[in-house]
Structure formats: C-alpha cells, structure tokens
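Let me begin by presenting the structure, written as structure tokens, before commenting on it.
In the text below, chain A, chain B and the rest are named by the order of the sequence lines, each starting its count at 1. This is a predicted model, so every value here is computed, not measured.
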Amino acid sequence: MANQTETQVELRPVSMEQHHKVSCFLAREYRLLDEEKFDEWLALMHEDVHYWMPGIENRRRENLLEHGFYASDHMAYFDDKLRDLQRRVARFQQPSAWAENPGTRNVHQVSNIEVYYGETDGEYLVHSVFQSVRSRGMDEEYVIYGRRTDVLVEEGGSFKLKKRLILIPNATLSCKNINTFL
Amino acid sequence: MSNIIKTVDVTDSLENLSEFCDIENGRISGKIFSDKAIYEQELEKIFARCWLFVAHESQIPKTGDYITTTMGEDEVIVVRQKDGGIKVFLNACPHRGNKVCFAESGSTRGFICNYHGWSFNTAGNLVGQHESGIYEASDFDKSKWGLKEVAQVDSWKGLVFATFDPEAPTLKEYLGPMTWYLDALFDNQEGGTEFAGGCIRSTYECNWKIAAENFVGDILHAGWTHDSAARAMLGGAVAKVSDFEESYSVNWNGHGYEFALDTVGNVAVLGESALNKYVHTIKPSVAERLGEFRSNMVASVSSCTIFPNFSFLAGQNTIRVWQPRGPNKIELFSWVLVNKSAPDDIKEKWRKGAMMTFSPTGVFEMDDGENWEYCTKTSKGKVTGAQDLYIGLGMNTLERQTDLPGNVYKGQLNEANARAYYQHWYDHLNAKSWSEIPDRNVGKAEVE
Ligand code: FES
Ligand SMILES: [Fe+2]
C-alpha cells in the first residue's frame with residue numbers, strides 16, 4: 001500500500017493545450033514562491049482553498065489509517081484555509097522575522113504532471129511530483145520531495161487553487177522546519 | 001524476573017565537570033552543547049536513570065495497542081496489557097538484537113522478529129520460534145529470553161513515564177510538587193486529557209538541553225524571537241511579560257514551570273477566538289476543581305519542562321519530547337493535547353492551532369529552531385565553546401513567604417528555572433547513583 005492520493009473513479013485526460021496551460025500555471029506558482037512574491041502567490045488561491053499536508057505515520061499494512069499512512073483528523077504540517085495561509089505570509093513579511101534575514105533561497109520544481117477533468121465544469125484534477133530545495137546561511141541545505149494532488153478551478157482565463165494535498169514519503173522530517181510552501 | 005533489563009555500568013564522572021557549570025555565579029560553558037564526552041555521560045547518567053515520558057494513555061487505549069518511541073537513544077515499545085496495565089520493552093530481539101517492531105503505532109497480538117522468527121506476545125514473553133524443534137534439542141529455556149522489560153513504568157494523569165533504573169525514586173517523588181502545577185493543564189476538567197492522532201517528528205541540528213531549557217523557563221525570548229509570529233497571528237506584539245503584576249518561576253528536581261496568571265495569553269496566539277471563549281467558559285469549573293489560582297493558569301503565558309526532556313505549553317497545548325541524537329542533534333516528537341470532554345470543534349481548532357504555531361511549519365517554532373541550532377553550532381568552536389555564558393537573571397528572587405509548593409521565584413522573566421535545570425543536570429553527571437544526588441529543594445514539597 002502506497003500513500004493514497006485522491007483519484008476519481010474515471011479519469012478523463014484533458015487536451016494537450018489544456019495540459020500545457022495547467023503546467024504553465026504550476027511553474028509560475030513556484031516561481032512566485034522562489035521570488036518571494038507572496039501576495040501574488042496568495043492571489044492564486046481560491047477563497048475556499050484547503051491546503052493540506054498531513055503528517056505521515058509509519059504503520060503496518062494491517063493497521064492502516066483512514067488514508068493509509070495519514071488521516072484527516074490527525075496532526076498535519078498544513079491544514080489551512082485562506083486565512084491561515086495569509087497569516088503564514090504575514091509572518092514572512094514582518095521585518096522582525098529574524099530567521100528570514102538573511103533570506104532563505106528557494107528552488108521549487110514540479111514534474112510528472114497529469115491533468116484530468118474535475119468533478120464539475122471548469123474544475124481540473126492535477127497530479128504532480130515536486131522537489132523543494134532550500135538553502136539558508138552559508139551552508140544549510142534542505143530538500144523535500146513529495147507528491148501532490150490539486151484541484152484547480154478555471155476562472156476568467158486563469159486558474160485558482162481550490163484544494164491541495166501534499167504527501168511526503170518521510171515519517172520523520174529530516175530538517176527543523178518548512179519555511180516555505182510546497 | 002530474568003526479562004528485566006540489565007542496567008548499564010556507571011562510569012566515573014568527568015574530572016573537569018565543574019568547569020562547565022558554575023550556577024552560583026550564573027555561568028555555564030558553551031561546551032555543554034557540543035562536547036562528545038559530556039553527551040556520553042548524559043546518555044548514561046541522565047537518560048538511563050531518569051523518568052522519561054514515553055506515551056499518553058489515550059494513544060494506546062485497548063489491549064495490544066502500542067506505540068514505539070525512544071528513551072534517550074534506546075528504542076522502546078510501549079504496549080497496553082490485557083489487565084489494562086502498560087509495559088515498556090526494548091525494541092530489540094534478545095536473539096541477535098534485530099528491531100522487532102518497525103511501525104510507530106498500531107494494534108497487535110504480539111511482535112515477531114523478521115530475522116529468525118522469534119515471536120513475542122504483548123506481555124513480552126517469547127512464545128515461539130521458527131524451527132522450534134532445534135531449540136528444544138539445545139535445552140533452550142524460553143522463559144529467559146523474552147523482550148527486555150524496562151525497570152519501572154508509571155503514569156500520572158494520563159502521562160506515561162518509564163525509567164531504566166530500578167533504583168530510581170517513584171514517579172510521584174520524582175515529579176514532586178510540580179504535579180500541583182501540571183494539574184492546571186492535565187486535570188482541569190473531569191475526564192482528563194487525550195492526544196490528537198499522530199505524532200510529528202522533525203530534526204534539529206541542536207543540543208537537546210538548549211530546547212529543554214527554553215521551555216523550562218525562558219519566556220524572555222518570546223517577546224523578541226516571536227515578534228513576527230505574534231504580529232501575524234494577533235496583529236500586534238506578544239503580551240509584554242514585564243507588565244504582568246504577578247508571575248512566577250517554579251522548579252523542583254530540575255523541572256521548571258514559568259507562568260503568568262493571565263488565563264488566556266498562550267491560547268490567544270492560536271488566533272481562534274472560540275478557544276479563548278472555551279477557556280473562559282470552563283474557568284469557573286476549573287476554579288471549583290483546582291482553586292482560583294490555578295484556574296488562571298489553564299492557557300496563560302507559560303511553559304514547562306519536566307527534567308530532562310519533556311516539555312509543553314499550556315494554551316497552545318503542544319506536548320513534546322526532545323530526543324537526543326548525539327551532542328548536536330535532536331529529533332523532536334510533538335503531539336497536541338486536548339481535554340477529553342471538550343466539544344469536537346474545539347478539539348479540531350486546537351489540533352490545527354497548535355500545528356499552525358508550534359510545529360515544523362509553525363510560525364512561532366520557525367524562529368526557535370534557528371536560535372537553538374546556532375547556539376549549538378557556535379559552541380563547536382574550540383575557543384568559542386570554552387567561553388562562559390551568562391545565566392544569572394533573577395539571582396535574588398526566591399520567594400520565602402509563600403504558600404505555593406515547590407521552589408518559588410518571583411517573576412517569569414527569570415533564569416532561576418534554567419539555573420535549577422543545569423544544576424540538576426550537573427548533579428546527575430556528578431553522581432554514580434540516585435543516592436549521590438543532593439536535594440537542593442528549598443520550597444514546600446506538599447500543598448498545604
Ligand atoms: S535476531 Fe530476532 S530472531 Fe534472530
Ligand atoms: Fe520560542
């Protein structure tokens with residue numbers, strides 16, 4: 001049993017052109033994070049966004065949780081609504097965020113993108129794999145890999161992120177924090 | 001019982017130990033955060049000796065429920081017994097030492113070793129082996145080769161502690177009058193507390209003591225370190241602790257609790273008005289149960305460490321153990337605590353709020369980690385590590401006229417708890433056994 005991602009019963013892939021549009025959206029979203037354009041990044045969030053990164057629990061196959069290695073009512077790195085994301089951004093933007101000065105240098109990468117039609121018109125179900133590399137100070141380096149399942153909504157020619165599920169393979173995070181978004 | 005664990009031989013104390021710690025003069029040495037010889041002594045004289053937090057009862061409610069954790073660097077299994085008791089075993093097979101339980105939690109009828117198939121029931125007894133016939137031919141005595149059982153296990157208000165040392169005082173004695181204060185969080189309502197599901201584990205490149213010390217009595221850092229998080233969550237600075245009319249630092253046997261009496265200062269930073277309201281709503285019943293004084297502590301500006309490495313924040317309800325992984329590294333195991341009797345939406349808000357503030361993604365925790373790592377890293381410098389560090393705030397603040405239990409110091413902006421913590425640390429490293437540890441408590445052991 002692997003980490004379960006959210007999948008629909010019948011997956012209907014979108015056209016190449018639509019796939020390209022979604023890929024560009026995801027790439028741009030990550031560039032905004034790398035460039036610390038947090039307000040522009042927040043503007044990509046749907047007003048009802050659920051941004052969720054559950055804790056991963058190392059359980060035996062006969063003792064699995066609601067979703068295998070994670071459960072919706074257990075501890076989570078992120079279990080956020082828009083208000084919570086805004087608060088996180090507000091901390092990054094304080095001049096007194098001492099640990100962000102000198103700043104963290106980020107490279108976010110996204111690949112393995114699959115795009116399907118979502119449950120309702122204008123919604124898309126997107127699977128992807130990400131890599132986040134952060135460096136701080138002179139020599140700190142942290143790499144986080146994971147898999148994501150997004151629900152995007154098409155609005156006025158662009159997309160809004162309505163749901164994000166972030167799954168890392170690690171039951172123990174190998175660094176002290178996640179001072180970025182994934 | 002042959003399956004009770006063998007204690008480790010106690011080596012001599014370091015000859016130069018007194019160089020590292022001069023509490024009377026408010027000095028410690030940076031070296032205690034990175035010296036390898038000191039760390040080896042700590043594993044033996046603190047982690048193989050003291051009572052260590054291993055689980056909350058609510059994590060293993062039913063027979064066969066288990067969690068795995070560590071005591072120091074030793075891996076252990078904590079498992080609920082048929083009779084409702086709890087046993088703690090080394091998570092190592094007595095045949096060749098392979099780990100027997102690889103999951104972090106679950107429910108089972110026993111543990112089977114992957115290597116040669118030794119099979120243990122939840123009471124730790126060896127009940128079978130692959131190719132059992134050849135063992136019989138070797139006159140093998142199964143009863144002697146069960147999982148090794150930790151010397152003492154006991155629990156207090158849902159918190160399960162264990163010690164490798166059969167000579168350790170009882171848990172009750174170990175905690176002493178600190179339990180009176182712990183009640184403010186762990187026993188403020190009928191039914192007690194429980195953990196939310198899961199355990200978040202993260203890794204810091206820091207010494208375990210710098211984190212434990214932060215919680216034992218360093219509210220001083222909060223107003224400065226956490227300014228950005230407070231502004232993000234509250235829209236303004238954190239409460240100015242020096243403005244509080246009444247606040248305390250209390251310690252006993254190296255444990256320490258620093259607190260104000262502002263009822264909701266800690267919970268407020270979760271930014272959920274429903275939680276503040278909940279605390280105010282239960283306050284009259286807390287006052288009835290624990291008295292007026294402690295009803296002001298349920299979620300007030302406060303922090304606590306139970307020696308050596310169990311810490312919590314009442315209000316944020318983050319519960320944590322700083323697991324030592326070498327002099328320069330810890331694994332932080334953290335959980336979220338809620339009152340069992342709290343409404344579901346309140347529990348849910350606490351689960352999210354605790355993570356939002358104190359977890360690897362927590363807006364408060366992020367600034368702590370950075371500080372602790374660099375306190376540790378600088379101490380690796382040969383010359384830097386040999387320098388004295390100042391730990392002298394509040395030298396003359398002992399309250400001699402008080403009815404409060406424990407060693408009571410006036411004001412929470414005070415390094416009295418940190419001093420008591422390092423003094424107790426020193427006393428352990430200086431002692432070959434419990435009997436050699438001096439009693440430095442000056443306050444009341446009991447509540448009058
Ligand atoms: S090591 Fe466990 S059965 Fe041999
Ligand atoms: Fe802090």
Side-chain angles (χ1 to χ4, degrees), chain A residues 51-66 69-81 83-101 104 136-140 142 144 166 170-182, chain B residues 66 68 101-108 195-206 224-235 237 271 330-336 344 347-348 351-357 359-374 377:
Chain A
Y51 187 96
W52 183 33
M53 178 176 173
I56 299 301
E57 294 170 52
N58 178 35
R59 308 267 299 190
R60 287 181 63 84
R61 291 175 193 276
E62 64 273 22
N63 279 163
L64 291 173
L65 303 166
E66 176 195 1
F69 293 120
Y70 63 98
S72 55
D73 59 349
H74 281 206
M75 291 172 76
Y77 295 97
F78 295 98
D79 196 343
D80 287 15
K81 297 265 196 276
R83 178 202 67 173
D84 306 314
L85 294 173
Q86 286 164 341
R87 283 173 166 174
R88 294 181 194 280
V89 164
R91 170 185 170 271
F92 285 130
Q93 293 176 334
Q94 297 299 322
S96 59
W98 315 125
E100 300 300 333
N101 192 5
T104 305
R136 290 193 43 69
M138 294 306 292
D139 56 4
E140 288 180 50
Y142 306 109
I144 299 176
I166 302 161
N170 317 71
T172 300
L173 194 69
S174 59
C175 48
K176 64 188 158 188
N177 66 28
I178 304 179
N179 65 338
T180 184
F181 298 101
L182 301 169
Chain B
Y66 68 86
T68 56
C101 179
F102 287 82
E104 67 178 89
S105 59
S107 189
T108 188
F195 275 1
C199 169
I200 294 284
R201 301 171 193 226
S202 53
T203 315
Y204 286 68
E205 306 286 324
C206 79
W224 183 258
T225 291
H226 297 306
D227 183 76
S228 60
R231 286 180 196 281
M233 297 303 292
L234 301 165
I330 61 169
E331 273 174 26
L332 165 55
F333 291 11
S334 73
W335 303 270
V336 181
D344 284 346
K347 292 183 184 180
E348 182 69 0
R351 176 180 69 82
K352 290 188 186 176
M355 301 301 301
M356 177 80 196
T357 50
S359 79
T361 46
V363 291
F364 282 79
E365 179 126 356
M366 275 182 206
D367 291 286
D368 282 325
E370 197 77 359
N371 292 335
W372 302 340
E373 288 195 345
Y374 283 95
K377 283 178 188 174

Quiz item: Between A/Ala71 and chain B, which part of the residue has a heavy atom less than 4.5 Å away: side chain, backbone, both or neither?
Solution: neither
Quiz prompt | Atom pair CD (B/Glu370) and OG1 (A/Thr104), whose distance is rounded to the nearest 0.5 Å | solution = 7.5 Å
Quiz item: What residue, out of B/Ala229, B/Ala196, B/Gly106, B/Ala354, has the most heavy-atom pairs lying under 4.5 Å from chain A?
Solution: B/Gly106
Quiz prompt | Nearest heavy atoms of B/Met355 and A/Ala76, plus distance in Å | solution = CE-O, 2.6 Å
Quiz item: Tell me, do A/His74 and B/Arg351 make a side-chain contact under 4.5 Å, heavy atoms counted?
Solution: no
Quiz item: Counting heavy-atom pairs under 4.5 Å to chain B, which of A/Gly55, A/Pro54, A/Ala97, A/Gly137 comes out on top?
Solution: A/Ala97
Quiz prompt | Which portion of B/Phe333 sits near chain A, non-hydrogen atoms under 4.5 angstrom | solution = neither
Quiz item: Of the backbone (N, CA, C, O) and the side chain (C-beta and beyond), which part of A/Glu140 lies under 4.5 Å from a heavy atom of chain B, both, or neither?
Solution: side chain
Quiz item: Is there a donor-acceptor pair closer than 3.5 Å between any side-chain N or O of A/Arg87 and the backbone N or O of B/Val363?
Solution: no
Quiz item: Rounded to the nearest 0.5 Å, how far apart are CD of B/Glu104 and CD1 of A/Ile56?
Solution: 10.0 Å
Self-check item: Which atoms of B/Cys206 approach chain A - backbone, side chain, both or neither, heavy atom under 4.5 Å
Solution: neither
Practice problem: Check the pair B/Ser105 / A/Arg59 against side-chain hydrogen bond (donor to acceptor under 3.5 Å, both in side chains), numbers first and verdict last. | Solution: CA-CA 6 Å; B/Ser105 59; A/Arg59 308 267 299 190; 2.6 Å; yes
Quiz item: Taking side chain as C-beta onward, heavy atoms only, is A/Arg91 less than 4.5 Å from B/Asp367?
Solution: yes
Self-check item: Minimum heavy-atom distance between B/Trp224 and A/Trp98, given as atom pair plus value
Solution: O-NE1, 2.8 Å
Quiz item: How long is the span from the CG atom in A/Asn177 to the CG atom in B/Leu332, to the nearest 0.5 Å?
Solution: 11.5 Å
Quiz prompt | Taking every non-hydrogen atom, the tightest pair across A/Tyr77 and B/Ile200 | solution = CE2-CG2, 3.8 Å
Quiz item: Among B/Glu331, B/Glu373, B/Arg231, B/Glu365, who wins on heavy-atom pairs under 4.5 Å with chain A?
Solution: B/Glu373
Quiz item: If you count heavy-atom pairs under 4.5 Å with chain B, which of A/Arg83, A/Gln86, A/Arg60 comes out on top?
Solution: A/Arg83
Self-check item: Rounded distance [0.5 Å steps], CZ in B/Arg201 versus OG in A/Ser174
Solution: 14.5 Å
Quiz item: Does any non-hydrogen side-chain atom of B/Thr203 lie less than 4.5 Å from one of A/Thr172?
Solution: yes
Exercise. Would you mind reporting whether B/Tyr66 and A/Asn63 have side-chain heavy atoms less than 4.5 Å apart?
Key: yes
Quiz item: So do the side chains of A/Lys176 and B/Glu205 get within less than 4.5 Å of each other, counting heavy atoms only?
Solution: no
Self-check item: Contacts of type ring pair (Phe, Tyr, Trp, His ring centres under 6.0 Å), residue A/Tyr142, not counting sequence neighbours
Solution: none
Practice problem: Under the side chain to side chain donor-acceptor pair (under 3.5 Å) rule, collect the residues that match up with B/Ser359, sequence neighbours excluded. | Solution: B/Thr361
Quiz prompt | Side chains of B/Met356 and A/Arg88 in contact at under 4.5 Å (non-hydrogen atoms) | solution = yes
Practice problem: Give, for atom CE of B/Met233 and atom CG of A/Asp84, the distance between the pair rounded to the nearest 0.5 Å. | Solution: 7.0 Å
Quiz item: Does any N or O in the side chain of B/Ser228 come within less than 3.5 Å of the main-chain N or O of A/Gln94, such that one atom is a donor and the other an acceptor?
Solution: no
Quiz item: With a 4.5 angstrom heavy-atom cut-off, which part of B/Ser334 approaches chain A: side chain, backbone, both or neither?
Solution: both
Quiz item: Does a side-chain heavy-atom distance below 4.5 Å link A/Met75 with B/Val336?
Solution: yes
